[in-house]
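The structure displayed is predicted, hence computed values, not measured ones. Just so you know, residue 1 is the first one in the sequence shown, and it goes up from there.
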Amino acid sequence: MRRRPPADPAVRALAGLGATGLSRRNLLRGGALGAAALGLAACAPPLPPAGGAAALTLPKDLSETEKTVAFANWTAYLDQDESATRYPTLEAFQKATGIKATYAVDIEDNDSYFNKIAPQLRAKQDIDRDVFVFTDWMANRIIRDQLVQPLEVIRMPHVSNMRDSLKDVSFDPGREHSITWQSGFAGIGYDKSKVGRELKSLDDLWADDLKGRIVVLSEFRDTAGLVMQQQGVDISGAFDKAAVEKAFAEIDKRVRDGFIRRIKGNSYLEDLKSGNAVAGIVWSGDLFVLRAETGNDNWQFVIPESGGTIWSDNMMVPITSTHRRNAMALMDWYYRPDIAAQVAAYVNYVCPVDGAKEEMEKIDPDLADSPFIFPGESYIEDNNIQGFRALSSQEDSDYSAAWAKVVGN
């Protein structure tokens with residue numbers, strides 16, 4: 001196995017992440033989801049245009065008279081109670097603030113959700129959402145296109161608990177438009193009881209007995225990123241178009257040969273739950289949720305021998321929101337260490353909040369030691385975990401178009 005330190009210094013800076021509610025203690029004691037550890041990186045997209053915020057025309061903020069906020073997020077990304085019908089930290093926010101919060105699992109993947117709402121945002125038509133969550137590279141695009149509102153961090157006192165290395169990212173200098181929600185990584189997930197053996201590499205996914213039973217993510221920076229690493233590419237470095245095309249060709253071949261059942265966004269979990277798929281390229285925290293929801297402790301997560309990918313997701317206020325200050329109150333709420341710990345105990349993604357580890361120790365010492373939530377630098381280095389480098393606008397357009405053809409096959 002190749003071992004090398006991550007090229008992006010942000011990976012090193014963030015590896016020292018040091019989160020009352022639902023705990024995943026049984027998941028960890030029942031067998032960790034693989035030996036891999038978790039890190040996060042504020043990947044470095046190009047700088048957004050300077051001076052754009054001042055030119056924005058914002059809608060009137062009705063937060064003072066309309067005590068509501070609508071939150072759009074991804075699947076399995078907020079703490080739930082045992083019945084999976086309530087969100088305890090969101091209910092606590094409503095009780096503490098008097099703001100009625102609604103929560104919608106709207107986001108399948110970055111591209112599909114953005115393409116759905118972008119025409120309305122550009123036309124300044126309300127999308128009925130006050131907070132949405134996008135990955136760094138898409139957050140860069142949205143901020144660059146001036147489709148989100150600036151934040152008043154002075155009104156968000158708990159955001160000071162953000163890890164120092166996250167406070168000034170290149171796609172949003174000074175965090176004027178976005179706040180990190182969670183971070184995690186992509187790797188291999190599988191049901192060991194149905195596969196019957198350990199899967200350690202991407203080559204292990206392409207076994208004849210798994211043909212047609214594999215799902216992979218529609219986020220090409222994760223799926224193609226893992227393939228590129230296997231092909232010897234440093235995805236945080238200066239790779240070229242040929243390297244991306246080679247990875248796309250490999251994935252396309254596996255689709256055409258019948259190994260990959262589906263290329264999907266967050267709904268890939270439904271194929272795993274139903275048994276239509278037994279393995280695939282997945283996101284780390286989802287496997288903890290899958291274990292809990294199915295009661296099946298055989299679900300495993302591993303970083304492939306050739307390396308894993310890192311990403312961060314970010315909360316932002318869409319340009320059409322008329323409840324900006326309510327949205328900021330919600331975002332600030334999730335930077336309370338005790339609240340961040342409760343969320344982290346459920347979702348098992350990397351927590352961006354200083355002080356959450358100490359709060360987690362009060363809930364569950366096992367989770368406080370989990371590298372999936374609070375990773376250390378050695379885990380990052382030992383598993384060759386990298387952030388997919390920032391793409392130029394032209395690269396982004398070209399690669400997204402090429403990937404759409406692969407997904408459509």
Is it true that [X] and [Y] make a salt bridge, defined as a side-chain N closer than 4.0 Å to a carboxylate O?
X: D136; Y: R221; value: no
X: E250; Y: R254; value: yes
X: R262; Y: E270; value: no
X: D164; Y: K167; value: yes
X: K362; Y: D338; value: no
X: D252; Y: R256; value: yes

Can you measure from [atom1] ([X]) to [atom2] ([Y]) and round to the nearest 0.5 angstrom?
X: D79; Y: Q342; atom1: CG; atom2: CD; value: 4.5 Å
X: E176; Y: E152; atom1: CD; atom2: CD; value: 12.0 Å
X: R389; Y: S392; atom1: CZ; atom2: OG; value: 7.0 Å
X: F259; Y: K253; atom1: CZ; atom2: NZ; value: 7.0 Å
X: L121; Y: F114; atom1: CG; atom2: CZ; value: 7.0 Å
X: K241; Y: D398; atom1: NZ; atom2: CG; value: 5.0 Å

Between [X] and [Y], is any pair of side-chain heavy atoms under 4.5 Å apart?
X: L78; Y: V347; result: no
X: M316; Y: I143; result: yes
X: F171; Y: S178; result: yes
X: I260; Y: W206; result: yes

Which atoms form the tightest heavy-atom contact between [X] and [Y], and what is the distance?
X: I235; Y: G225; result: CG2-O, 3.6 Å
X: A186; Y: W311; result: N-NE1, 3.8 Å
X: D332; Y: P157; result: OD1-N, 3.3 Å
X: R261; Y: G212; result: CB-O, 3.4 Å
X: A327; Y: V317; result: CB-CG2, 3.8 Å
X: W299; Y: L272; result: CZ2-O, 3.5 Å

Would [X] and [Y] count as having a side-chain donor-acceptor pair, cut-off 3.5 Å?
X: R291; Y: T294; answer: no
X: Y77; Y: N266; answer: no
X: N296; Y: D191; answer: yes
X: D286; Y: Y349; answer: yes
X: S83; Y: D81; answer: yes

Look at the side chain of [X] and the backbone N and O of [Y], then say whether any donor-acceptor pair between them is shorter than 3.5 Å.
X: N276; Y: D271; value: no
X: E108; Y: S267; value: yes
X: D61; Y: R325; value: yes
X: N314; Y: F134; value: yes
X: S400; Y: S397; value: no
X: T135; Y: M138; value: no
X: R324; Y: P150; value: yes
X: Q149; Y: I319; value: yes
X: Q386; Y: D234; value: no
X: D240; Y: A243; value: yes

Quiz prompt | Intermediate values then yes/no, side-chain contact (heavy atoms from CB on, under 4.5 Å), I251 and I263 | solution = CA-CA 10 Å; I251 298 162; I263 299 177; 4.2 Å; yes
Quiz item: Where do M331 and V159 land on the side-chain contact (heavy atoms from CB on, under 4.5 Å) test, with the steps shown first?
Solution: CA-CA 8 Å; M331 295 159 75; V159 171; 5.7 Å; no
Quiz item: When the ring planes of W137 and F220 are compared, do they come out parallel, tilted or perpendicular, using 30° and 60° as the limits?
Solution: tilted
Quiz prompt | With Y103, the ring pair (Phe, Tyr, Trp, His ring centres under 6.0 Å) member among W74, Y87, F93 | solution = Y87
Quiz item: Ring centres of Y334 and W181 under 6.0 Å apart?
Solution: yes
Quiz item: Between F239 and F388, does the ring centroid distance fall short of 6.0 Å?
Solution: yes
Quiz item: Taking everything shown except K116 itself, do over 12 heavy atoms lie less than 6.0 Å from its NZ?
Solution: no
Quiz item: More than 12 foreign heavy atoms under 6.0 Å from NZ of K246: is that the case here?
Solution: no
Exercise. Run through L199, L210, V195, I188 and flag the one making a side-chain contact (heavy atoms from CB on, under 4.5 Å) with D204.
Key: L199
Exercise. Decide yes or no on side-chain contact (heavy atoms from CB on, under 4.5 Å) for V148 and F132, but give the supporting numbers first.
Key: CA-CA 10 Å; V148 292; F132 51 28; 3.8 Å; yes
Quiz item: Run the side-chain contact (heavy atoms from CB on, under 4.5 Å) check on L217 and D109 step by step: do they pass?
Solution: CA-CA 9 Å; L217 299 167; D109 65 21; over 6 Å; no
Practice problem: Go through the steps for T180 and R163 under the test side chain to side chain donor-acceptor pair (under 3.5 Å), then give the verdict. | Solution: CA-CA 10 Å; T180 303; R163 292 292 299 178; over 6 Å; no
